[in-house]
2 protein chains.
Amino acid sequence: MANIRAVSKLAGVSVATVSRALRTPDVVSEETRKKVIEAVKETGYKPNMMARNFRSKKSYSIMVLVPDISNPFFSMVISGIQQAAKKSGYSVLLGNTMGEVETERELAHLLHTNQTDGIIQLSSRFPLAPEDCEEGRTPPVINCCECVDDDSMPTVTLDNVGASRAMTDHLFGLGHKRIAVISGPKGSPLTVARLAGCQAAMKAANIPFDPALVAEGDYSMASGARAAEALLCNSLRPTAIVCFNDEMAIGAMQQIRKAGLSVPGDISITGFDNLTFAAYTEPPLTTICQPSEAFGEKAVEVLFDIIEDRAMPVRHLTLPYELVVRESTAPPSSAG
Amino acid sequence: MANIRAVSKLAGVSVATVSRALRTPDVVSEETRKKVIEAVKETGYKPNMMARNFRSKKSYSIMVLVPDISNPFFSMVISGIQQAAKKSGYSVLLGNTMGEVETERELAHLLHTNQTDGIIQLSSRFPLAPEDCEEGRTPPVINCCECVDDDSMPTVTLDNVGASRAMTDHLFGLGHKRIAVISGPKGSPLTVARLAGCQAAMKAANIPFDPALVAEGDYSMASGARAAEALLCNSLRPTAIVCFNDEMAIGAMQQIRKAGLSVPGDISITGFDNLTFAAYTEPPLTTICQPSEAFGEKAVEVLFDIIEDRAMPVRHLTLPYELVVRESTAPPSSAG
DNA sequence: TTGAAAGCGCTAACAG
DNA sequence: CTGTTAGCGCTTTCAA
């Protein structure tokens, strides 16, 4: 492979000039630039990015940590990240963590070995090992589309409280009074936020909150089915179930069918995320649309603010949700 | 950040010795090794991978080109790739191409700028631009889980002919005679292979192949719905539809419901891929299970054979499918 | 087993 | 505007 020296020789200029002609063309004369371009073509020269990055102490890559890449919601966010990164000439390293702290830390370690310039974490944990972050400056690590307990980490997040409140209000508007919830892991910041939204709506509607109507899931379809099964055992059956993601809603719907009940005839179901699949369930799912691609774009912006040490880094960004009403919600049959 | 020189000073050895103690420990004396380890700890030294890679002319990363990362099947394959890559100390660069040739080439170009050591392409095209591959040696580019027309590119693929034949046979076994197909883009190698499987089964069963019963889709749910709509207009309605992926099957099922027909009562439906969602559709989907994670692992193996210039590179690998029978298939109602 | 020294390909002062 | 020069941090001969 031709290197910069070969080009400089052929063009009859110094290597520095070649470098400049390529990186900062406006700083070399028209004539030299032409000679260089010509020589580049002739030699088939491709700059060695490894050398370039090494020299400039930047990898021009960011890493996205994702608990489970086969979750379609995360893939859409990642898609947004990649698009935005590409615009700035960055590439995206994938870090599938399977939710394991150890794997997360291992991957986050790449930051300190100069293999990546920044990290976008899609789950709520701060990924750096304690020994990895004793520096004074803000580490280039941000969170995207999750809630985080400590706010040392910049975030791009949804108005989760507002969204779940809007969803609960939608059900109240249809006449539901006994509303159950299939939540994420209890205690996780995201669950806490969404639960708060539901409770706020109930409070405003003067309906007491019944903890027995909250079943815990882990965002998988199987867990949604299990949780629904538990809820159906309740002496007084709920007339609606708010699920904290679409997968659990899909699992719940299957379980409800198995129990011989119908959606929304007997029970209304709602999801969260608006996966492409949500429009194709039977019945199509009422859900909250998260701007997944925008999440990715914004996350990249915020991260670059830190990486490039900009004066005014945005710390916390909240993106808007949208309630998407489909056929999985309807007024309760035995109204009142 | 402490560098190798700082460590060597503190340990009272040369930088070469530090490098050796870290990379090839068995070649330095027990005593020196200890001194070095100690100094590494004290200084908090982390080797600069950018420098290391630059020096050794390897990026230790591979790139996966994927037409659409939000397709759950691809994400599972990618997950397998990442796991296998990590085992060998490689990281995975993501290349979402949105199916665009231009983007593919742009990304594949990273190979020639030393930003990646190899490419796993998840769609059927050879991704290198012509001007990028005039070398003598095999480019480190392989295909995974797609069929490819020219066999210059090594592949890891499914027995697609066998799988679609098995699926068609399953339907014959149930008594179906009029079987329609919702295929991928016509002419694409994958479509050709799967269609061949269906036709082989039909031929063996002495049932003539009717081109009017093949509707084209693009693997999206929406396209599956459209294709089903077209097929339902057919004067003689099919009793079963073989779809070339699960998403199109899901779209088709919705369309069939909309037409007031039932699955499998009026029409049996089959998919391909066995997405997690396939077990949760209404009714649960009969489909072909592809070993998606194994795809990734094998692909990495084959790619490494090329990257590391092994003597006996495997060129073409075929992985086994599995027929998963669920409730979307049943004997035709008006049998015969 | 270790050290000295060269140099990977490039960028970035600093002079001119 | 351009050339000279000095490295970036590491690995890898080559000698000792």
Side-chain angles (χ1 to χ4, degrees), chain A residues 1-40 43-61 89 109-117 308, chain B residues 1-40 43-61 89 109-117 308:
Chain A
M1 265 280 281
N3 63 15
I4 200 172
R5 209 150 30 239
V7 178
S8 81
K9 239 174 237 163
L10 188 65
V13 299
S14 74
V15 292
T17 300
V18 175
S19 175
R20 282 190 286 252
L22 263 30
R23 302 279 289 191
T24 48
D26 42 314
V27 92
V28 301
S29 77
E30 171 83 39
E31 193 191 9
T32 349
R33 196 166 52 233
K34 264 189 194 148
K35 278 194 299 188
V36 171
I37 302 293
E38 185 55 36
V40 164
T43 55
Y45 169 70
K46 309 259 185 342
N48 181 335
M49 289 305 188
M50 234 146 76
R52 180 179 284 184
N53 295 349
F54 165 51
R55 196 41 240 260
S56 32
K57 293 178 193 309
K58 289 203 37 174
S59 70
Y60 291 97
S61 84
H109 190 74
L110 298 195
L111 202 54
H112 299 276
T113 53
N114 299 68
Q115 286 170 104
T116 192
D117 294 342
E308 267 148 37
Chain B
M1 265 283 280
N3 64 15
I4 200 172
R5 208 148 33 238
V7 177
S8 82
K9 240 175 237 163
L10 187 65
V13 298
S14 73
V15 293
T17 301
V18 174
S19 174
R20 282 190 285 251
L22 264 28
R23 303 280 288 191
T24 48
D26 42 314
V27 90
V28 301
S29 76
E30 171 85 40
E31 195 191 8
T32 351
R33 196 165 52 232
K34 266 190 194 147
K35 279 195 297 189
V36 171
I37 302 293
E38 185 55 37
V40 165
T43 53
Y45 170 69
K46 310 260 186 338
N48 181 335
M49 290 304 189
M50 233 146 77
R52 180 178 284 185
N53 296 348
F54 165 50
R55 202 33 244 263
S56 34
K57 294 180 193 308
K58 289 203 37 172
S59 69
Y60 290 98
S61 83
H109 190 74
L110 299 196
L111 202 54
H112 299 276
T113 54
N114 298 69
Q115 285 170 107
T116 192
D117 294 341
E308 267 146 37

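Throughout, protein chains are lettered first and strands after them, A, B, ... in sequence-line order, and every chain is numbered starting at 1. Being a predicted model, the structure only gives us computed values, none of them experimental.
- For Ser59(B) (side chain) and Ser61(B) (main-chain N/O), a donor-acceptor pair under 3.5 Å exists by modelled atom type.
- The side chain of Val15(B) lies closest to dT11(D), out of dG9(C), dT2(D), dT11(D).
- Using a 4.0 Å cut-off, no side-chain N or O of Thr17(A) falls inside it from OP1 or OP2 of dT2(D).
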>> Assess the residue pair Leu22(B) and Val7(B) against the criterion (side-chain contact (heavy atoms from CB on, under 4.5 Å)); give the C-alpha distance rounded to whole Å, side-chain angles, the decisive distance to 0.1 Å, and a yes or no.
In response: CA-CA 11 Å; Leu22(B) 264 28; Val7(B) 177; over 6 Å; no
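- Atom C1' of nucleotide dC10(D) and atom CG of Asn53(B) are separated by 10 Å, given to the nearest angstrom.
- One atom, NZ of Lys9(B), and another, P of dA4(C), lie 13 Å apart when rounded to the nearest Å.
- For the atom pair NZ of Lys46(B) and CG of Leu111(A), the computed distance is 10.5 Å after rounding to the nearest 0.5 Å.
- At the phosphate of dT11(D), OP1 or OP2 sits under 4.0 Å from a side-chain N or O atom of Ser19(B).
- At least one side-chain nitrogen or oxygen of Ser29(B) sits closer than 4.0 Å to the OP1 or OP2 atom of dT2(C).
- Between Lys57(A) and the phosphate of dT11(C), there is no side-chain N or O to OP1/OP2 separation shorter than 4.0 Å.
- When each of dC8(C), dC10(C), dG9(D) is scored by its nearest atom to the side-chain atoms of Ile4(A), the top-ranked nucleotide is dC10(C).
- Summarising the geometry, the separation between NZ on Lys35(A) and C1' on dC1(D) is reported as 12 Å, rounded to the nearest angstrom.
- For the pair Thr32(A) and dT2(D), the criterion of a side-chain N or O lying under 4.0 Å from OP1 or OP2 is met.
- Residue Ser14(A) has its side chain nearest to dG3(D) when only dG3(C), dG3(D), dG9(D) are considered.
- Look at NE2 on His112(A): it is 18 Å from C1' on dG9(D), rounded to the nearest Å.
- In this structure, CZ of Phe54(A) is placed 9 Å from C1' of dC8(C), rounded to the nearest angstrom.
- Between the Arg33(B) side chain and the Pro25(B) main chain, a donor and an acceptor come within less than 3.5 Å of each other.
- Taking the nucleotide of DNA chain C with the nearest heavy atom to each of Asp26(B) and Ala51(B), the more 5' of the two is matched to Asp26(B).
- Comparing the end axes of the helix from dT1(C)-dA16(D) to dG16(C)-dC1(D), each fitted to five base pairs by superposing C1' atoms of four pairs onto the next four, gives an inter-axis angle of 30° (nearest 10 degrees).
- Side-chain nitrogen and oxygen atoms of Asn3(A) include at least one within less than 4.0 Å of the OP1 or OP2 phosphate oxygen of dG9(C).
- Atom P of nucleotide dT1(C) and atom CD of Glu30(B) are separated by 11 Å, given to the nearest angstrom.
- Among dG3(C), dG9(C), dT11(C), the nucleotide with an atom closest to any side-chain atom of Arg52(A) is dT11(C).
- Closest to the side chain of Ala16(A), from the set dT4(D), dC10(D), dT13(D), is dT4(D).
- One atom, CE of Met50(B), and another, C1' of dG9(C), lie 13 Å apart when rounded to the nearest Å.
- Side chain of Arg55(B), nearest nucleotide from dT12(D), dC8(D), dC10(C): dT12(D).
- Counting non-hydrogen atoms under 4.0 angstrom, Arg23(B) reaches the backbone sugars and phosphates but no base.
- Looking only at distances, no side-chain donor or acceptor of Asn114(A) sits under 3.5 Å from a matching main-chain atom of Met49(B).
- Residue Val18(A) is tested with Val28(A), Leu10(A), Asn3(A), Val13(A) for a side-chain contact (heavy atoms from CB on, under 4.5 Å); the sole match is Val13(A).
- We find that NZ of Lys34(B) is positioned 17 Å from C1' of dT1(C), with the value rounded to whole Å.
- Using a 4.0 Å heavy-atom cutoff across all strands shown, Arg5(B) reaches sugar-phosphate atoms only and no base atom.
- Counting only N and O atoms by type, the side chains of Thr113(B) and Gln115(B) include a donor and acceptor under 3.5 Å apart.
- Looking at heavy-atom distances under 4.0 Å, Ser56(B) makes no contact with the nucleic acid at all.
- Residues satisfying the side-chain hydrogen bond (donor to acceptor under 3.5 Å, both in side chains) test with Arg52(B), not counting sequence neighbours, are none.
- Electrostatic pairing of Glu38(A) and Lys34(A) does not count as a salt bridge here, judged by no charged N lying under 4.0 Å from a carboxylate O.
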